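Only one structure is covered here, and it is reproduced in the block below.
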Amino acid sequence: MSRKSAFSAGLFILGAYILVALLSSVITPYSPTALVGRPLDGPSDTHLLGTNDLGQDIFSRLLYGTRATLIIGLLGALLSVLVSTLVGTVSAYYGGGVDEVITRSVDVLMTLPSFPLLLVLTIFFAPSIFVISGLMGVLGGTQGIRIIRSQVLSLVEANFVYGAKAIGAGDLRIMTRHILPNVLPLATVKFVFAAQRYMLMGVGLGFLGLGDPSVVDWGQMISRAYYNGGFALGLWWWLIPPGIAVTLLSVALALLGYGLEEEIDPRLKRSVAI
Amino acid sequence: MSILAINDLKVQFPTPEGLVKAVNSVDLELEEGERLGMIGETGSGKTVLGLAVVRLLSGAEVEGNIEYRGKKLLLLDEAEMRKLRGREISVIFQSPNSLNPVLKVGDQIAESIRLVGCSNRQDAKKKAVQAMEAVGMPDAELWADRYPHQFSGGMKERAMIALGLACDPRLIIADEPTKGLDANIKAQVVELIRDVTTDKSLLFITHDLSAAAQICDRIAVMYCGEIVEVGRTEEIFANPLHPYTEGLFRSLPIMGMKAIRGASPSLIDIPSGCRFHPRCDRPCENCAKAHPPLVEAESSPGHLMRCFQHDRG
Amino acid sequence: MKAEYLMRRAFYSFLAFMVSLTLTFVLLHLMPGDYLHSILPYLAEKNPDAARMFREQFGLNRSISEQYLLYVVNVVRGNWGYSFLYGLPVLAVIEEKLRWTLVILFPSTVLSILIGMAVGAYSGWRNGSKTDLSVLNFMIFVGAVPSYWWAMLLILIFGFHLNLFPLGGYASIEALDVGVRISDVLRHAALPVTALTISSVPGTYYLMRNSTLQTTGEEYVLTARSKGLREMEILRHHALKNAMLPMVTVIALELAQMIMGSVFVETIFSWPGLGLLTFEALRVRDLPLLQGIFLMDTLMVIFANIAADLSYPLIDPRVKVGENV
Amino acid sequence: MIEVEGLTRHFFSGRLGKERVEAVDEVSFNIKRGETLGLVGGSGCGKTTLGRLLLRLIEPTSGRIIFDGVDILHLKRREMRRLRPRMQMIFQDPDTSLNPRMASLESISEPLKLKGGLTRAEIEDEVSRLMEKVGLSPEHLGRRPHQLSGGQNQRVVLARVLASNPEFIVADEPLSALDVSVQAQIFGLLSEMKRDRNITFLFISHDLNIVRLMSDRVAVMDRGKIVEVGPTEEIFRHPLHPRTRELVSSASMDGQLTLMLKEGLISTVTRRPRPRMGGVCDDNPMDSKSSRLMINAGCR
């Protein structure tokens, strides 16, 4: 598969997921939380993927689960990229004391293991998908500051930025017109990879029992299937579909991310063009 | 006997924007012990030509014939070619990043020497130090144990020259070795290259006319992937026949920097007829139609150029 | 230079540790419904002595700043509080579990670094070739599959269907009679180690590939070719060392990632390490234990960073100790 | 026009900044209106830093810069911004002098937009006038820097600089990244700007032969200090400071050789007896004097 078609495939799959998330209330036959059948029924016409141990329709739960996962992934990634781009840009552009304080703090914060920290904080704030994405955004954003900052630092020293200063452009104009457009490609790549990571983490939290109890999510589905007999009894339709759903979305985002990265880094691109 | 004979050499690079025709039907001969300056500007194909000789181009389509002492280089297999590199034909690159930053300079030279068959590590190192002394590096023993970033620009270039000479090759290809050096350092490097190549054959690729004049017996001028003029150094300087060569001289600061109009054409979209005719200040009607051949000027034997105007009279 | 650097590094590490300490303290005390007080009755019931010590150690009746100081002193002395779940000192619980975690974490870190670097170097050197592209696509796919899913697939296939490896735990039931045998433990560790390795190889691979790929365009590689070196010699002597430079810092970060992976992998394989402990602590909301684990993870990452910083100048002569900080 | 007194900028060699330390130390000089001062020196002598300091693109550690009677180091941000268009800068590497994500049109029109008070049509008119002036055709308007050659980019830079209608320009090695023939073209444009608009220049270069053509006076810089200033021909004929002598001699060596070869005064410099290794050799090959002697000998 060529890189270009891989990229399109990623985009297509992501689009399909977003569509499903938006339309899940329309296309699902049952409420994801209602007890609509006998427990542990196999796939049938009425229940495409059977029912779980409580008698809930797995297919409906699967479709609804898209929402929580996408919200955590995309919202978390958006927040983290916003935090790292804003702080990184301002820090590198103005330099001096502010920059010193920010870089030193980031140096310190980088040594904190973010996942255990996320677990502790999630428990503390009580899990909800918005809290979780907020935490991921802030924690991940802090880690991303360094990358954006070093990129901006090289731009600040670039001749064209001196040139813009020389024609009398103000700081705001230089940052928005000259620096940000050149940081944007990198930020986009970071966004896609962050979305993939946070989405996986979100499902993982659900699996560990830290998911938002008020929503349906794949992590909780997997955990339920794994611990309540889906695994031991070999009920594949219970365990496998949410796993496939996560994996496919993750692969799609990965393809998208690597494709974008090659697009912005000519050195990587050249290697593929041949 | 000629040490290097290039016949009808074509080098092309396929790119997404189109086929880049970097070298177009170049014929060139280098006598044993001769030093030839290859003059050209960015995109003239001079560096590509140099690297094509040692087959170090990647992603290129190379056609034609390159003969080194009777060996057809383009027909050799990779292992045979590898044996020629370094010990028979060596390349001196422009220095700043041509030395490996994480290896000691002496070790990098010794590596070359060991390839020739000097298996003893200590001996190779000793020879490397000698090679560094030979290029006028004081305290060579000390510097051999240092890393490239500790060297100044001029020192690095000296080290590159030492590396190029380490295995006593017959033919040296020097690719812009003076680019980016300060004037006084440049003068030293030029002199060094002249002195260490007295008994060698040299293909000196440069954009610097005066450096070429100080080193080379003959000069070839490249424009747009082909040789437009070639002749003895003093001939080229005193009596340039091709309008591009003339223009190049006039562009020099010492000659008052009078510009040639227009810009070098792209190597994807090469002008028809004489490649220089859109920029020439005295084109004839034939120039746009026909491609002039490289012919000997009647007035001076051994002086070849590619221009209709001189062809006739 | 060296001393000054070490001082600075030590200072930052200390600062990082203090930050995580402060964080855990704040969280403990801000926990809704006064967490410390609310768990005391449970603790008193399970282990009255511990409850008394707990109250004294944390000075629950003193002012908040005194409590903070006390907390810091306690942590430094090794009193990391009492686990609500185990009724034992947190540090003792962690110490035991840490050993088991290292049993799978160490081999999988080494394996994934070795495999990722070797395959990555080859792939990057041959960039654009068929092998490279198929390896790249394969690795992108492998890396996109979450670690918990790999773990389950491994159990499902090798444990459940093929019955080659045990489904979980660290030793068979016979261990009760004959004691824990090393071969038995290794058999149990095989799948968790594989799962952890699989999920962290692609990251190392991708970085190493990019790093190597970038050296292929460097001028010194051309110089090396012009000397008449073989391709593999150039890769080994010239490209590899340069390509490794950015990897050193990455490896430290990788360890932090592995800690995350180990939570899932240990949980799924019921491997009695820090990861499973984290899961258990999460389930019953055992905050002191959780915070102890967090402190331990911080320490591990700090040491990995110091190791990376110290080894950097060994491969890059341009950097003296500490200059890359 | 420009008066500089005791201008100093130290760099505290940071963790990474070791190689780029290019300090300026107690530099004083002045440039009259319409005059071109050539600033020469080896690499790393601080000339680039000095150029940036003059426009206050970086802040000096100490010193005074008077531009047209105004002490620019005491201006507030806003006042400085208003003054900036009057002083412009041209950089060495044309490929990085332009925002890679802006087409030529945007780049050239930016100073006009900042000036304000112009309609869109007026801006477009002005841009095409400027483009023509620097020898670019309308087809280049929509191109981004990577789609243009180095020479073309330097022309876009010149158009952009001219759009600010400056009185003073710091040209920091504007030719050295360019090919010989392109150098001559850009040089032509620069001398035209100087002649037609009476622009004052600080012309920074390491190539003395170019400086000689361009400048009225020359200042020589070495290790952060200006070691000699004087009228161009004076400097070339009677260099006083050893550093100046060194620079002048290597530059004129180059030039003289070319001139003599062109005029057929010497037949060749290379054809001389070639001593083999171990053979008897009168002149030491490492001695730079020998080649000079040789050229003189060849002259007769």
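Letters A, B, ... are given to chains in the order of the sequence lines, protein chains preceding strands, and every chain is numbered from 1. Side chains included, hydrogens not; waters and symmetry mates left out as well; all remaining heavy atoms used. Just so we're clear, the structure is a prediction, and the values are computed from it rather than from any experiment.
- A salt bridge links B:K46 and B:E176; the closest N-O separation between the charged side-chain nitrogens and carboxylate oxygens is under 4.0 Å.
- Residue contact with chain C, scored on non-hydrogen atoms closer than 4.5 Å, involves the backbone of B:L99 exclusively.
- Per-residue heavy-atom pair counts under 4.5 Å with chain C were compared for B:Q150, B:K83, B:E111, and the maximum is reached by B:E111.
- Note: B:P101 leads B:S112, B:A79, B:P101 in heavy-atom pairs under 4.5 Å with chain C.
- Heavy-atom pairs under 4.5 Å with chain C peak, among B:K104, B:Q108, B:Q94, at B:Q108.
- A salt bridge between B:R114 and B:D123 is absent, with no side-chain N of the basic residue lying under 4.0 Å from a carboxylate O of the acidic one.
- A donor-acceptor pair under 3.5 Å is absent between the side-chain atoms of C:W150 and the main chain of C:V265, judged by distance alone.
- Using a 4.5 Å cut-off between heavy atoms, C:L229 touches chain B through backbone and side chain atoms alike.
- In terms of modelled atom types and a separation under 3.5 Å, the side chain of C:N305 and the main chain of C:V301 share a donor-acceptor contact.
- Between B:D107 and B:R121 there is no salt bridge, since no side-chain nitrogen of the basic residue lies less than 4.0 Å from a carboxylate oxygen of the acidic one.
- When heavy atoms are compared at a cutoff of 4.5 Å, B:V54 does not approach chain C at all.
- With a threshold of 4.5 angstrom between heavy atoms, B:M160 approaches chain C through side-chain atoms but not through N, CA, C or O.
- Contact of B:L51 with chain C is made through the side chain alone, with heavy-atom distances under 4.5 Å.
- Residues C:T197 and C:S108 bring no donor and acceptor atom of their side chains to less than 3.5 Å of each other.
- Only the side chain of B:L163 comes within less than 4.5 Å of a heavy atom in chain C; its backbone stays farther off.
- A salt bridge between B:R87 and B:D168 is absent, with no side-chain N of the basic residue lying under 4.0 Å from a carboxylate O of the acidic one.
- Per-residue counts of heavy-atom pairs under 4.5 Å with chain B were compared for C:E231, C:H238, C:K241; the largest is that of C:H238.
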